[in-house]
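Quick notes on the structure that follows.
Heavy-atom basis, side chains included; hydrogens, waters and symmetry copies ignored. Just so we're on the same page: letters track the sequence lines, and every chain starts at 1.
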Number of protein chains: 2
Amino acid sequence: MSRVRIHNMFVSLDGFAAGTYVTTDHPIGDAAALFAGFDGRVIHGIDGVDAPITLDRALTSLWGQGIGVEIMGRRKFGPQSGPWDDDGWRGWWGDEPPFRTPVIVLTHHAREPIEFANGTVFHFLDAAPAEALQRARELAPGTDVRIGGGPTVCRQFLEADLVDFMHVVVVPVVLGEGERAFPHGAALTDRFDMEVVSTPGGRTHQLWNRRAREM
Amino acid sequence: MSRVRIHNMFVSLDGFAAGTYVTTDHPIGDAAALFAGFDGRVIHGIDGVDAPITLDRALTSLWGQGIGVEIMGRRKFGPQSGPWDDDGWRGWWGDEPPFRTPVIVLTHHAREPIEFANGTVFHFLDAAPAEALQRARELAPGTDVRIGGGPTVCRQFLEADLVDFMHVVVVPVVLGEGERAFPHGAALTDRFDMEVVSTPGGRTHQLWNRRAREM
């Protein structure tokens with residue numbers, strides 16, 4: 001039992017997404033409007049904040065449950081491209097990255113792991129989705145694996161049919177441009193069962209569960 | 001910050017409830033029909049089971065988040081009444097009670113605490129709601145307190161206006177008789193903001209959040 005899960009994937013009405021985790025230091029351009037209703041303080045549990053336990057917060061709090069490792073794209077880790085400069089960059093998050101688990105950063109450029117006191121360890125790996133997933137399971141056997149985004153990485157795992165669960169939040173915002181949330185033309189909806197509920201704030205939550213695979 | 005929360009309070013269409021936690025050994029008579037859609041395996045997190053992450057399971061998984069102590073009625077602990085026999089009764093749950101925290105059992109009959117290896121400790125207390133709550137906060141400072149039921153205990157805490165959050169699940173079942181979920185004639189809905197969503201299984205989830213109190 002080790003599911004592959006995507007959480008808090010915010011998508012505009014015209015189908016653009018901007019990753020699965022964001023802070024004010026990491027707005028991903030105009031797509032920041034997508035995250036207006038996102039309370040990142042509850043990703044480790046609704047007790048992270050003394051505020052109403054809304055449906056939005058309740059579903060956000062699934063993010064960390066049973067997750068032992070995350071896989072993310074390089075651009076979620078930092079703004080650089082090409083070989084790593086020796087500039088001391090340790091991610092967007094200061095001394096307390098919110099992950100608290102191993103994290104695989106997909107990059108073509110090798111680099112030594114970076115470790116934090118709170119359990120977060122960034123491992124840098126040049127690999128396709130299936131291989132990255134295998135490495136993730138070695139790092140955290142028996143736990144669920146989160147695909148942390150951005151949208152390109154999520155799309156690659158969806159195209160490879162490696163995703164078991166996806167929490168999508170459709171937001172009443174039109175972006176006009178951006179990174180597409182879903183693979184082109186793939187029969188994605190045929191593979192998943194979906195539950196959809198709306199919240200008073202105007203967001204629509206979709207819980208996608210992969211149907212049982214043929215053995 | 002220490003909220004008082006009620007979780008997984010299942011209510012029939014005609015307003016009867018049967019507590020907030022149940023197992024097959026503890027069906028509470030005909031009211032067992034209320035719990036047909038309840039997956040108790042996920043109360044400590046959706047990773048408790050290798051099954052689809054549905055809205056029902058997602059909301060059930062809030063049960064333990066940030067909870068440091070529970071308050072329950074005597075009948076949730078056992079079927080006895082009157083003074084305790086020295087019969088070795090340690091609750092319905094065997095060696096692994098699902099609570100994993102201190103639990104206050106409200107009873108008029110004193111008894112020594114009962115401790116389990118998994119962190120569950122039953123304390124027996126003869127007290128009104130406000131006093132029980134004070135004792136709970138001493139046992140687990142700074143954490144949220146769960147009112148675990150049965151319905152009578154939940155009603156008493158609601159009547160005393162001590163509840164900050166309530167997750168009610170209305171189930172498409174008519175019982176005809178049972179224990180009422182809500183206090184009679186109290187202006188309960190005036191005190192809470194409510195979000196309501198339905199799930200494909202026919203259950204309606206209500207998230208009640210107490211409005212900010214006047215200082």
Next on the checklist: Please give me the minimum heavy-atom distance between A:Leu59 and B:Ala58, naming the atom from each residue.
Outcome noted: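 It is CD2-CB, 3.8 Å.
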With a 4.5 Å cut-off on side-chain heavy atoms, are [Y] and [X] touching?
| X | Y | result |
| --- | --- | --- |
| B:Asp47 | A:Thr143 | no |
| B:Ser61 | A:Leu62 | yes |
| B:Arg5 | A:Ile53 | yes |

Checklist entry - What's the spacing between B:Asp50 CG and A:Asp164 CG if we round to 0.5 Å? => result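 The distance works out to 8.0 Å.
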Checklist entry - How many angstroms lie between CG in B:Leu207 and CG in A:Asp56, if you round to the nearest 0.5 Å? => result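 Between atom CG of B:Leu207 and atom CG of A:Asp56 there are 10.0 Å.
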Next on the checklist: Check this for me: B:Glu138, atom CD, are more than 12 non-hydrogen atoms of other residues, nucleotides or ligands nearer than 6.0 Å?
Outcome noted: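 Atom CD in B:Glu138 is packed in, count exceeds 12.
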Item to check | Crowding at CG, A:Asp95 (>12 non-hydrogen neighbours, <6.0 Å) | outcome: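 At most 12 heavy atoms, drawn from other residues, nucleotides or ligands, come within 6.0 Å of this atom.
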Output yes when a side-chain donor or acceptor of [X] lies under 3.5 Å from a complementary backbone atom of [Y], and no otherwise.
| X | Y | result |
| --- | --- | --- |
| A:Gln65 | B:Ile46 | yes |
| A:Glu195 | B:Thr54 | no |
| B:Arg3 | A:Ala51 | yes |

Item to check | Side chain / backbone / both / neither for A:Pro200 at chain B, heavy atoms under 4.5 Å | outcome: side chain
